[in-house]
2 protein chains.
Amino acid sequence: MSGPAGRDGERSVSGPAVRRRARRHDPGRRDRLIDAALAVIAERGVAGTTHREIARAADVPLGSMTYHFSSLEEVLAEAFTRHADAVARVFDERLSAARDRDEAAEAVVTLVSDSLLGSPADLVLSVELYVAAARNPALRAVTQAWMARSRRALERHFDPTTARELDALIEGLVLHSALSTDPMTPEQIRHAVLRYLR
Amino acid sequence: MSGPAGRDGERSVSGPAVRRRARRHDPGRRDRLIDAALAVIAERGVAGTTHREIARAADVPLGSMTYHFSSLEEVLAEAFTRHADAVARVFDERLSAARDRDEAAEAVVTLVSDSLLGSPADLVLSVELYVAAARNPALRAVTQAWMARSRRALERHFDPTTARELDALIEGLVLHSALSTDPMTPEQIRHAVLRYLR
DNA sequence: GCCCGTTATGTACGCTCGTACACATGACTT
DNA sequence: AAGTCATGTGTACGAGCGTACATAACGGGC
């Protein structure tokens with residue numbers, strides 16, 4: 001691809017030995033690769049996510065992928081786990097900070113609005129995860145854990161039935177707006193959430 | 001694959017000419033191919049949907065795919081359009097049959113419950129469509145039209161704001177339950193819908 | 001300063017894919 | 001009955017893929 005790339009074919013002939021890219025000392029590369037994988041999934045989708053694409057995004061040689069991961073599936077699993085954890089953590093934090101039911105409702109409105117306005121990439125990642133989970137048990141476990149964690153966070157302020165239904169409403173609002181050319185405004189989000197909780 | 005498949009290599013040599021599968025007169029094959037494509041998408045996902053896989057599912061030769069469709073993308077677009085139309089039609093019919101707001105609410109409950117219990121394949125198809133639409137403008141138009149049609153059906157009984165919010169709630173309930181190992185029961189669905197509409 | 005094993009790298013292999021295309025067939029016109 | 005041409009079929013080709021693996025480079029324990 002990039003670089004001079006002028007291989008001189010045989011290793012045994014006289015040539016001044018193969019010119020290799022200088023080896024790089026790079027602790028934490030595995031972590032960076034997982035982040036790069038998330039970036040590629042967000043941009044190209046799981047379908048367009050390949051060893052070569054991730055390696056290119058992280059600027060490492062292809063061989064580095066098979067060194068750090070035993071299969072592409074493993075990369076995807078780790079990447080989605082990281083994504084779900086990150087999203088759930090924010091969810092947890094904002095709801096933990098709320099001191100009563102009204103503040104909790106407002107936190108939900110903010111979370112939904114922010115996720116719509118802030119990072120469309122995260123929305124795409126979530127939907128990609130849903131699809132991947134439909135056929136991969138390991139990823140299904142990731143989504144299960146994520147949903148359970150969200151519900152638990154909501155149960156700090158709402159009864160279990162309300163928490164579950166509210167969780168579904170949140171999911172619908174986010175997904176619906178994400179796919180729409182005419183997404184809901186924060187005010188419309190607030191209206192929907194408060195109406196359900198009224 | 002299947003069949004005798006004993007090619008005899010050269011066309012020009014003495015052999016008794018190439019043994020071809022009998023040509024089949026098959027009007028409406030194009031339609032069947034689209035249905036086969038939907039079946040393959042439901043089973044293997046868009047990622048696992050290939051010309052060869054669809055051809056195998058419909059029991060037609062590979063060449064038939066390129067004859068009827070100019071690209072794989074065209075097949076996907078037609079298949080998803082058919083899927084969205086079919087789902088929207090049921091939605092339309094059930095809501096048109098409702099004579100008042102209460103019956104409309106009950107129709108929504110039934111639609112959600114049925115789609116969960118009845119055909120998990122349809123749920124998978126919908127999520128696959130969402131992902132595909134995120135990167136394909138033609139498919140995005142399909143989802144837009146679908147959403148608009150659903151909302152219009154709801155607006156036969158509810159004001160526009162309620163219709164939109166209810167549509168989102170429906171989306172969330174369906175998706176959430178589809179991904180859960182512990183999906184909501186029809187009674188729980190009814191509780192959620194009626195609570196929102198109360 | 002020297003070894004050593006962990007870390008890192010380039011490349012090869014076998015496979016499946018989308019697509020192109022030359023050729024066969026038979027329904028329909030005349 | 002013959003001829004035509006849309007329809008139907010088999011196969012080849014180049015590209016990209018996941019993965020394996022032989023080899024290189026170097027930090028750190030002696």
Side-chain angles (χ1 to χ4, degrees), chain A residues 1-13 15-33 36-37 40 44-77 136, chain B residues 1-13 15-33 36-37 40 44-77 136:
Chain A
M1 298 302 141
S2 62
R7 283 300 117 236
D8 47 7
E10 280 307 298
R11 215 179 320 288
S12 54
V13 292
V18 174
R19 178 98 63 222
R20 283 186 171 237
R21 179 201 307 216
R23 182 180 194 247
R24 264 183 282 177
H25 180 55
D26 187 3
R29 169 177 289 190
R30 203 174 130 72
D31 264 2
R32 285 199 310 111
L33 287 177
V40 172
R44 315 253 192 204
V46 169
T49 299
T50 66
H51 278 134
R52 286 168 176 83
E53 205 67 38
I54 297 168
R56 203 171 300 138
D59 190 35
V60 301
L62 171 63
S64 194
M65 291 301 298
T66 58
Y67 175 71
H68 286 288
F69 305 96
S70 65
S71 76
L72 189 58
E73 226 188 42
E74 182 182 325
V75 186
L76 293 178
N136 182 329
Chain B
M1 309 300 146
S2 61
R7 281 306 114 236
D8 49 5
E10 281 307 298
R11 216 178 321 284
S12 54
V13 292
V18 175
R19 177 99 61 224
R20 285 187 169 235
R21 181 201 306 217
R23 182 180 194 245
R24 264 183 283 178
H25 179 54
D26 187 3
R29 168 176 291 191
R30 210 183 120 96
D31 264 3
R32 287 200 307 111
L33 287 177
V40 172
R44 315 252 193 206
V46 170
T49 300
T50 67
H51 277 134
R52 286 167 176 83
E53 205 67 39
I54 297 168
R56 203 171 301 139
D59 189 34
V60 302
L62 172 62
S64 194
M65 291 301 299
T66 58
Y67 175 72
H68 286 287
F69 304 95
S70 67
S71 75
L72 190 58
E73 224 187 43
E74 182 182 326
V75 186
L76 293 178
N136 183 329

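Predicted model, so just to flag it, every value in this text is computed and none were measured. Convention: sequence-line order gives letters A, B, ...; per-chain numbering from 1. We use all heavy atoms of the structure for the numbers below, so side chains are in, but hydrogens, waters and symmetry mates are not.
Considering CG of A/Leu76 and CG of A/Asn136, their distance stands at 8.0 Å, rounded to 0.5 Å. Interatomic distance, CG of A/Leu62 versus NE2 of A/His51, reported as 7.5 Å (0.5 Å rounding).
Rounded to an integer number of Å, the gap from CZ of B/Arg56 to P of D/dG10 is 14 Å. Separating the CG atom of A/Leu33 from the C1' atom of C/dT7 is a distance of 13 Å, rounded to the nearest angstrom.
With sequence neighbours excluded, the residues forming a salt bridge (Lys or Arg N to Asp or Glu O under 4.0 Å) with B/Glu74 are B/Arg30, listed by chain and number. Scanning for side chain to side chain donor-acceptor pair (under 3.5 Å) contacts around B/Ser64 gives B/Arg29, with sequence neighbours left out. Judged as a side chain to side chain contact (heavy atoms under 4.5 Å, CB included), and not counting sequence neighbours, the contacts of A/Ala36 are A/Ile54, A/Ala57, A/Ala58.
Between A/His51 and D/dC17 there is no side-chain N or O to OP1 or OP2 distance below 4.0 Å. The side chain of B/Arg29 places an N or O atom within less than 4.0 Å of a non-bridging phosphate oxygen (OP1 or OP2) of D/dT9.
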Expected rows: protein N/O vs nucleotides 14-16 of chain D N/O, under 3.5 Å:
none

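A heavy-atom distance below 4.5 Å is not found between the side chains of B/Val75 and B/His68.
Of the residues in residues 64-77 of chain A, those with a non-hydrogen atom less than 4.0 angstrom from any atom of DNA chain D are A/Thr66, A/Ser71, A/Leu72.
Applying the salt bridge (Lys or Arg N to Asp or Glu O under 4.0 Å) test to pairs two or more places apart or on separate chains, those with a residue in residues 45-54 of chain A are A/Arg44-A/Glu53, A/Glu53-A/Arg56.
A residue-by-residue look at B/Gly63 and B/Gly48 shows that B/Gly48 has its nearest nucleotide of DNA chain C further toward the 5' end.
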